[in-house]
Amino acid sequence: MTAKQVRFVTNDEPFDNQNVAELAAFDAAGKPVTITGGSAPTVDTLHGATDTGRAVMKATNAAAARSAIGAGTPYALPAAGAAIGGVKKATAVADLASAADTAAIIATVNAVLAAFRASGAMAAPTSGAMAAPTSADQPSEVQSAASLTPQQ
């Protein structure tokens, strides 16, 4: 016996010159099967959908969908401030003068580092870290350059 496939379609009425066939369906025991018009599938009748999937499909807004998957409320970035927030805020450090000497530059850089550490934006140095440089650490050419007077 050759197997046949039947496709069920819904039309409002037969098309012109369309052959309409009648079909009787029987189950494996040979008993007639009643085929009804049925209804559109719903979220609850989808085969294989999980409870979470059904809850997401039934969600009426983004908050309900997040709740269905256990995501809760979205993260809001805190405003910048002295406390930990979106951006760590360090205390102000004055700008260097254009004619600042090496000691002033070193002091300002160290003040910036201290401000970052105090705000929590930078960790404290480890015990093996180098000591902060001083003007005495500069090569003699750099030290003596400040004392040179331009020739006329």
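Only heavy atoms go into these numbers, but all of them, side chains included; no hydrogens, no water, no symmetry mates.
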Salt bridge (charged side-chain N to carboxylate O under 4.0 Å, His left out) filter on Asp44, not counting sequence neighbours, yields Lys58
Contacts of Asp51 meeting salt bridge (charged side-chain N to carboxylate O under 4.0 Å, His left out) (sequence neighbours excluded), chain-then-number -> Arg54
Heavy-atom closest pair, residues [X] and [Y]:
X	Y	value
Ala123	Arg117	O-NE, 3.5 Å
Ala100	Ile105	O-CD1, 4.0 Å
Leu96	Ala104	CD2-O, 3.6 Å
Thr108	Ala94	CG2-O, 3.9 Å

Residues, nucleotides or ligands: over 12 heavy atoms within 6.0 Å of Asp95 CG
no
Between the OG1 atom in Thr42 and the CE atom in Met57, the distance rounded to the nearest 0.5 Å is 9.5 Å
For residues 61-70, tabulate all N or O donor-acceptor pairs below 3.5 Å that involve a side-chain atom, not counting sequence neighbours.
| from | atom 1 | to | atom 2 | distance (Å) |
| --- | --- | --- | --- | --- |
| Asn61 | OD1 | Ala63 | N | 3.2 |
| Asn61 | OD1 | Ala64 | N | 2.8 |
| Arg66 | NE | Gly72 | O | 3.2 |

From the list Ile106, Leu113, Val112, side chain to side chain contact (heavy atoms under 4.5 Å, CB included) with Val109 holds only for Leu113
